[in-house]
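Below is one structure, written out as structure tokens; comments come after it.
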Amino acid sequence: MAAVSGHLQLIPEQPLRDILAEDYRQMQGSGMLLEDAESFEDVMNRCATIESRANAR
């Protein structure tokens, strides 16, 4: 319902964002992601753009 009412939230608030960032770092270190995978901040920025565009409609 949040997505259709303009309240979609893809970016977690602190401290969950820190936990997610650490998990992403561990996935990069373990080889689960490609060597040239986007940085965590780039992924969060992309999600923020999607979140903003979805909530603007």
Side-chain angles (χ1 to χ4, degrees):
M1 186 66 167
V4 293
S5 65
H7 300 289
L8 178 67
Q9 182 178 0
L10 298 176
I11 306 297
E13 295 180 15
Q14 301 296 351
L16 296 177
R17 185 177 169 136
D18 292 335
I19 293 168
L20 188 59
E22 176 60 21
D23 187 55
Y24 192 84
R25 187 192 65 74
Q26 288 182 15
M27 287 190 300
Q28 284 178 312
S30 71
M32 287 182 69
L33 302 176
L34 297 174
E35 286 184 25
D36 61 347
E38 292 181 276
S39 71
F40 179 76
E41 284 306 314
D42 287 343
V43 172
M44 290 293 100
N45 288 336
R46 187 189 301 229
C47 288
T49 299
I50 294 167
E51 180 180 289
S52 178
R53 290 177 65 193
N55 287 331
R57 295 180 182 222

Side-chain donor-acceptor pairs of residues 26-36 under 3.5 Å, sequence neighbours excluded:
unit_1: Gln26; atom_1: NE2; unit_2: Glu22; atom_2: OE2; d: 2.9
unit_1: Ser30; atom_1: OG; unit_2: Gln26; atom_2: O; d: 3.3
unit_1: Ser30; atom_1: OG; unit_2: Met27; atom_2: O; d: 3.2

Which residues share a side-chain hydrogen bond (donor to acceptor under 3.5 Å, both in side chains) with Ser39, sequence neighbours left out: Asp42
ring-ring contact (aromatic ring centres under 6.0 Å, His included) contacts in which one or both residues fall within residues 36-57, not counting sequence neighbours: Tyr24-Phe40
For Gln14, side-chain contact (heavy atoms from CB on, under 4.5 Å) partners two or more places apart: Arg17, Asp18
Closest non-hydrogen atom pair between Leu10 and Cys47, with its separation: CD1-O, 3.6 Å
When rounded to the nearest 0.5 Å, the distance separating OG1 of Thr49 from CD1 of Ile11 is 8.5 Å
Taking all atoms of both residues into account, what is the closest heavy-atom pair of Leu20 and Met44, and its distance? CD2-CE, 4.1 Å
Residues forming a side-chain hydrogen bond (donor to acceptor under 3.5 Å, both in side chains) with Glu38, sequence neighbours excluded: Arg46
Please answer whether the main-chain N or O of Ile19 pairs with a side-chain N or O of Asp23 as donor and acceptor at a distance below 3.5 Å. no
Measure across Ala54 and Leu8 and return the closest heavy-atom pair with its distance rounded to 0.1 Å. CB-CD2, 3.8 Å
